[in-house]
Engineer: 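Before I ask anything, let me first share the structure, which is written out below as structure tokens.
Numbering of ligands and ligand atoms starts at 1, following listing order.
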Amino acid sequence: MKPLRKAVLPVAGLGTRFLPATKATAKEMLPVVDKPLIQYAIEEARAAGIEQFCLITGRGKTAIVEHFDIAFELEAVLRERGKTEAMALLEGTQLEPGAIVTVRQQEPLGLGHAIWCARAFIGEDPFAILLPDDLILGETPCVAQLAAVYRETGGNVVAVQDVPREHTNRYGILDIGADDGRLAEVKGLVEKPAPEVAPSTLSIIGRYVLRPEVIAHLSRFERGAGGEVQLTDAMAKMIGKLPFHGLRFEGKRFDCGDKVGFLEAQIAFALKRPELAPKVREFLRHYCPA
Ligand code: UTP
């Protein structure tokens, strides 16, 4: 079995739910506390042993690429002024030269189309997908949990969580077979089903480990829900041909593409920081007296 060394991070969406913030700034550059969403995703993938990254970008997203480059002037000034603490904060932005490549999607035709744009990068290798607006707080990084399952089962593995039935029309939903309460065999997939026809309430969140065979299915450009080329539809074509599992991952997921999810993530991540937590707790009491 080939080891998991590659990750694709689609960042070409329009981010309409965050306008006007996302008019000239990429949604993935919005910070949670002091780190942009994209950096959390790259750090999570690196913690799972992933070494090569492909960002699917679009117009107006160049700041993301700059973020992982050397900031020559800034670093020179910080060195000159002896600001070693500030220098240390840049550590997670410094990757091996050549570790990140970018591909332009040109038109946001859907997540499936975005992944298809990475076909040359993927080649014949298994790969992870991280949607940076899903931010996960937990002991073991979510992609590392998926990678561990992939090493056992091979095939495709997706991170899943239960959602309220009235929300099934926002997610890719699983129809499941054998299920041990942690790992469920996938026997069907539907993108954004109406609550009354959803086969379950187990939804796919923004973390996947997929086999490269998915590209052949995406190449047909079949339009699905919302008129977009849906990744879920292409994945569904592999069911029965390859092992396919949904993992109820350990950790809490925040949907940072949504305003309330983004605000909740700020609080949750700030409360994990010893230097911030007491002050945050104090001001929260002021806004929300018991
Ligand atoms: P979303 O559904 O969150 O869409 O995309 P969006 O455009 O980012 O945000 P809203 O809904 O308009 O506010 C999920 C992920 O897929 C990527 C997005 O960048 C995000 O990471 N995506 C989506 C693409 O890269 N290309 C697409 O054509 C669509």
Side-chain angles (χ1 to χ4, degrees), residues 7-32 36-45 53-65 67 100-119 121-122 127-136 142-143 158-161 163 167-173 190-193 203-208 210 214-215 218-235 253-265:
V8 178
L9 296 95
V11 296
L14 298 175
T16 53
R17 284 170 293 166
F18 261 104
L19 285 169
T22 47
K23 183 180 173 192
T25 305
K27 174 171 72 172
E28 298 75 13
M29 286 304 290
L30 298 178
V32 169
L37 290 170
I38 187 71
Q39 191 179 332
Y40 285 99
I42 295 271
E43 287 178 359
E44 182 186 325
F53 304 92
C54 180
L55 302 180
I56 312 300
T57 68
R59 285 175 292 282
K61 303 274 182 172
T62 42
I64 299 179
V65 184
H67 187 73
I100 293 193
V101 298
T102 61
V103 170
R104 286 261 185 159
Q105 191 186 6
Q106 296 173 327
E107 278 180 284
L109 299 178
L111 180 58
H113 180 260
I115 300 303
W116 175 80
C117 290
R119 62 199 180 282
F121 169 82
I122 294 164
F127 63 104
I129 301 174
L130 293 93
L131 306 187
D133 44 8
D134 269 345
L135 186 56
I136 299 163
C142 186
V143 172
V158 292
V160 297
Q161 70 173 24
V163 294
H167 292 172
T168 57
N169 56 3
R170 302 179 189 176
Y171 298 96
I173 300 288
V190 199
E191 183 63 25
K192 300 189 173 69
S203 79
I204 303 178
I205 61 124
R207 299 290 185 273
Y208 312 67
L210 297 184
V214 73
I215 297 296
L218 289 170
S219 302
R220 299 199 186 100
F221 303 119
E222 286 166 15
R223 302 292 180 124
E228 296 191 337
V229 179
Q230 295 289 356
L231 179 62
T232 308
D233 298 341
M235 292 193 306
R253 167 235 180 201
F254 299 90
D255 177 4
C256 291
D258 168 78
K259 286 186 262 287
V260 174
F262 182 70
L263 292 170
E264 192 185 346

Engineer: Heavy atoms only: give me the nearest R17-K259 pair and the separation to one decimal.
Structural biologist: O-NZ, 2.8 Å
Engineer: Considering only the protein, which heavy-atom contact is closest to atom 19 (O) of ligand 1, and what is its distance?
Structural biologist: G13 N, 2.9 Å
Engineer: For the residue pair S203 and Q161, establish whether any side-chain heavy-atom pair is separated by less than 4.5 Å.
Structural biologist: yes
Engineer: Taking the side chain as everything from C-beta on, heavy atoms only, tell me whether E228 gets closer than 4.5 Å to L111.
Structural biologist: no
Engineer: Could you tell me which atoms of ligand 1, counted from 1 in the order shown, lie closer than 4.0 angstrom to a heavy atom of L109?
Structural biologist: 28 (O)
Engineer: So, do I215 and W116 sit near enough that their side-chain heavy atoms are less than 4.5 Å apart?
Structural biologist: yes
Engineer: Heavy atoms only, cut-off 4.0 Å: how does V11 contact ligand 1, side chain, backbone, both, or neither?
Structural biologist: backbone
Engineer: Is there a polar contact, in the sense of an N or O pair closer than 3.5 Å, between G257 and ligand 1?
Structural biologist: no
Engineer: What are the two closest heavy atoms between L9 and A41, and how far apart are they?
Structural biologist: CD2-CB, 3.6 Å
Engineer: Please give me the minimum heavy-atom distance between I129 and L131, naming the atom from each residue.
Structural biologist: CG2-CD2, 4.0 Å
Engineer: Take atom 21 (O) of ligand 1 and look for protein heavy atoms under 4.0 Å from it; say yes if you find one, no if not.
Structural biologist: yes
Engineer: Do R207 and R253 have side chains that get closer than 4.5 Å, going by heavy atoms?
Structural biologist: no
Engineer: How far is atom 7 (O) of ligand 1 from its nearest protein heavy atom, and which residue and atom name does that atom have?
Structural biologist: L14 N, 2.7 Å
Engineer: For ligand 1, is there an N or O atom under 3.5 Å from any N or O atom of I56?
Structural biologist: no
Engineer: Would P132 count as being in polar contact with ligand 1, using the rule that some N or O on each side must be under 3.5 angstrom apart?
Structural biologist: no
Engineer: Please report whether ligand 1 has a polar contact with R17, defined as an N or O pair separated by less than 3.5 Å (distance criterion only).
Structural biologist: yes
Engineer: Of all the atoms in ligand 1, which lie at a distance below 4.0 Å from a heavy atom belonging to E28?
Structural biologist: 19 (O)
Engineer: Within the 4.0 Å heavy-atom shell around P108, which atoms of ligand 1 are there?
Structural biologist: 28 (O)
Engineer: Does ligand 1 have a heavy atom under 4.0 Å from the side chain of D133, from its backbone, from both, or from neither?
Structural biologist: side chain
Engineer: So which heavy atom in the protein is nearest atom 16 (O) of ligand 1, and how far is it from that ligand atom?
Structural biologist: L111 CD1, 3.7 Å
Engineer: Where on A114 is there a heavy atom closer than 4.0 Å to ligand 1, on the side chain, on the backbone, on both, or on neither?
Structural biologist: side chain
Engineer: Do R59 and R104 touch side chain to side chain, with heavy atoms closer than 4.5 Å?
Structural biologist: yes
Engineer: Check each heavy atom of K27 against ligand 1 and say whether those closer than 4.0 Å belong to the side chain, the backbone, both or neither.
Structural biologist: side chain
Engineer: Of all heavy-atom pairs between A26 and I64, which one has the smallest distance, and what is that distance?
Structural biologist: CB-CD1, 3.7 Å
Engineer: N/O of G110 under 3.5 Å from N/O of ligand 1, yes or no?
Structural biologist: yes
Engineer: With a 4.5 Å limit on heavy-atom distance, are the side chains of L109 and R223 in contact?
Structural biologist: yes
Engineer: Parallel, tilted or perpendicular: which describes the rings of F18 and F262, with under 30° parallel and over 60° perpendicular?
Structural biologist: perpendicular
Engineer: Could you identify the single nearest non-hydrogen protein atom to atom 12 (O) of ligand 1 and state the distance to 0.1 Å?
Structural biologist: T16 OG1, 2.6 Å
Engineer: Determine, considering heavy atoms only, which of K259, H113, E228, Q105 sits nearest to atom 27 (C) of ligand 1.
Structural biologist: Q105
Engineer: Check whether any N or O atom of A12, backbone or side chain, sits under 3.5 Å from an N or O atom of ligand 1, and answer yes or no.
Structural biologist: yes
Engineer: Please examine the side chains of L231 and L210, heavy atoms only from C-beta on, and report whether any two atoms are closer than 4.5 Å.
Structural biologist: yes
